[in-house]
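Have a look at the structure below before the remarks.
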Amino acid sequence: MVNIESFLLWMPWWSFLIIIILLGWRFTSLGAGIIYALLLILVGSFGYWDFMMMTLAIVLASVFISLLIGIPIGILMAYSKITETIMKPILDAMQTMPSFVYLIPAMILFGLGKVPAVFATIIYAIPPVIRLTNLAIRHVSKDMVEAAYSFGSSPWKVLTKVQLPQALPTIMTGINQTTMMALAMVVIASMIGAQGLGMEVLISINRVDIARGFEAGLGIVILAIIMDRISQGIAKNSKVPE
């Protein structure tokens with residue numbers, strides 16, 4: 001997490017904008033990529049570029065760990081009824097629990113700073129990717145799976161060559177939702193010492209500074225829009241032709 005933040009802060013602003021334009025061009029359109037870059041320049045003009053990179057680092061680290069844990073759990077749920085029965089009430093509790101509650105165990109285990117913020121964000125953001133991975137694999141055509149087995153494919157081959165490619169669009173939707181929930185958690189995570197745009201929002205609330213809060217909030221909204229549109233574009237491009 002610290003390495004991600006250090007890299008993003010080290011990266012020249014213009015190179016980051018070029019990457020965003022290229023991603024926007026690849027997964028949406030060139031015009032959209034240019035608009036994303038202009039929106040990021042707007043955030044930078046507020047003086048919040050470094051804070052935005054700190055927020056992005058927390059989100060990227062949280063989403064990466066969430067996917068690393070969540071996708072295998074979702075696959076296991078799809079294959080095991082017992083695992084699904086155990087995990088469903090746990091996921092229900094994770095999604096209905098007030099997000100502030102996640103800060104308590106994070107503070108007890110890790111104190112204050114970036115690590116507890118990432119920990120709390122993971123707990124808050126991981127349920128969608130688990131649920132949608134499970135749902136996606138369960139809804140893969142049974143005829144297609146049976147045909148793969150009939151040709152002598154192993155369970156691993158069926159999973160990697162048939163089920164995951166067919167389930168990928170739905171899994172990508174889960175990744176999109178996890179990313180948005182991670183970004184929504186950054187303001188709350190600032191209460192336990194996570195620096196970034198969320199901290200600026202928190203400070204503006206304490207000082208009743210409307211302008212500062214609006215600028216920091218607008219930065220979070222812009223970051224959310226860009227990440228949402230790019231991840232949706234990736235999901236659309238991942239659709240398997242029928």
Side-chain angles (χ1 to χ4, degrees), residues 4 19-20 22-33 36 59-97 118 121-185 224-242:
I4 295 173
I19 291 171
I20 292 299
L22 292 175
L23 287 173
W25 185 16
R26 172 67 179 82
F27 295 112
T28 50
S29 66
L30 179 59
Y36 300 156
V59 172
L60 290 178
S62 303
V63 170
F64 177 75
I65 297 171
S66 295
L67 301 186
L68 209 60
I69 298 170
I71 291 176
I73 292 175
I75 293 170
L76 190 59
M77 286 174 66
Y79 274 81
S80 170
K81 189 70 177 175
I82 295 173
T83 305
E84 186 182 35
T85 304
I86 294 170
M87 286 301 301
K88 272 190 173 180
I90 295 173
L91 293 173
D92 290 339
M94 290 169 72
Q95 289 188 293
T96 54
M97 190 81 70
V118 171
T121 303
I122 289 168
I123 299 175
Y124 181 75
I126 200 172
V129 74
I130 295 176
R131 286 188 184 277
L132 287 173
T133 299
N134 173 37
L135 183 69
I137 292 177
R138 285 184 178 275
H139 280 73
V140 172
S141 170
K142 286 183 170 53
D143 294 337
M144 194 176 294
V145 174
E146 288 172 4
Y149 277 122
S150 68
F151 280 104
S153 299
S154 64
W156 176 253
K157 286 282 187 183
V158 172
L159 174 65
T160 55
K161 301 296 184 182
V162 178
Q163 290 176 308
L164 284 179
Q166 292 293 321
L168 190 57
T170 306
I171 293 173
M172 286 302 304
T173 302
I175 293 172
N176 173 267
Q177 293 301 307
T178 290
T179 304
M180 292 300 101
M181 291 183 73
L183 200 49
M185 189 68 179
I225 289 171
I226 293 171
M227 295 181 76
D228 177 63
R229 296 299 182 271
I230 291 176
S231 58
Q232 280 189 7
I234 295 171
K236 287 177 181 177
N237 279 276
S238 67
K239 286 184 179 179
V240 178
E242 297 180 0

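What's counted below: heavy atoms across the whole structure, side chains too, no hydrogens, waters or symmetry copies. Sequential numbering from 1 along the given sequence is applied to the chain's residues.
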With sequence neighbours excluded, residues passing side-chain hydrogen bond (donor to acceptor under 3.5 Å, both in side chains) with [X]:
{"X": "T160", "answer": "none"}
{"X": "R131", "answer": "D92, Q95"}
{"X": "T173", "answer": "none"}
{"X": "E146", "answer": "none"}

Show the nearest heavy-atom pair for residues [X] and [Y], with the distance to one decimal.
{"X": "A136", "Y": "A167", "value": "CB-CB, 3.4 Å"}
{"X": "V129", "Y": "T133", "value": "O-OG1, 2.6 Å"}
{"X": "Q166", "Y": "V140", "value": "CB-CG2, 4.0 Å"}

So how far is it from [X] [atom1] to [Y] [atom2], rounded to the nearest 0.5 Å?
{"X": "I126", "Y": "T178", "atom1": "CD1", "atom2": "OG1", "result": "7.5 Å"}
{"X": "M185", "Y": "I122", "atom1": "CE", "atom2": "CD1", "result": "11.0 Å"}
{"X": "W25", "Y": "I20", "atom1": "CH2", "atom2": "CD1", "result": "15.5 Å"}
{"X": "L60", "Y": "L183", "atom1": "CG", "atom2": "CG", "result": "10.0 Å"}
{"X": "Y36", "Y": "L23", "atom1": "OH", "atom2": "CG", "result": "10.0 Å"}
{"X": "I73", "Y": "L91", "atom1": "CD1", "atom2": "CG", "result": "8.0 Å"}

Does [X] have any side chain to side chain contact (heavy atoms under 4.5 Å, CB included) partners at least two apart in sequence or in another chain, and if so, which?
{"X": "E84", "value": "M77, K81, K88, N134, R138"}
{"X": "S80", "value": "I82, T83"}
{"X": "L68", "value": "F64"}
{"X": "L164", "value": "I75, I137, L159, I171"}

I would like to know whether V158 and V145 meet side-chain contact (heavy atoms from CB on, under 4.5 Å); could you show each step before the answer? CA-CA 7 Å; V158 172; V145 174; 3.9 Å; yes

I need the full list of salt bridge (charged side-chain N to carboxylate O under 4.0 Å, His left out) pairs touching residues 147-173, with sequence neighbours left out, sorted by first then second residue. none

Stepwise side-chain contact (heavy atoms from CB on, under 4.5 Å) test for M87 and L76: CA-CA 10 Å; M87 286 301 301; L76 190 59; over 6 Å; no

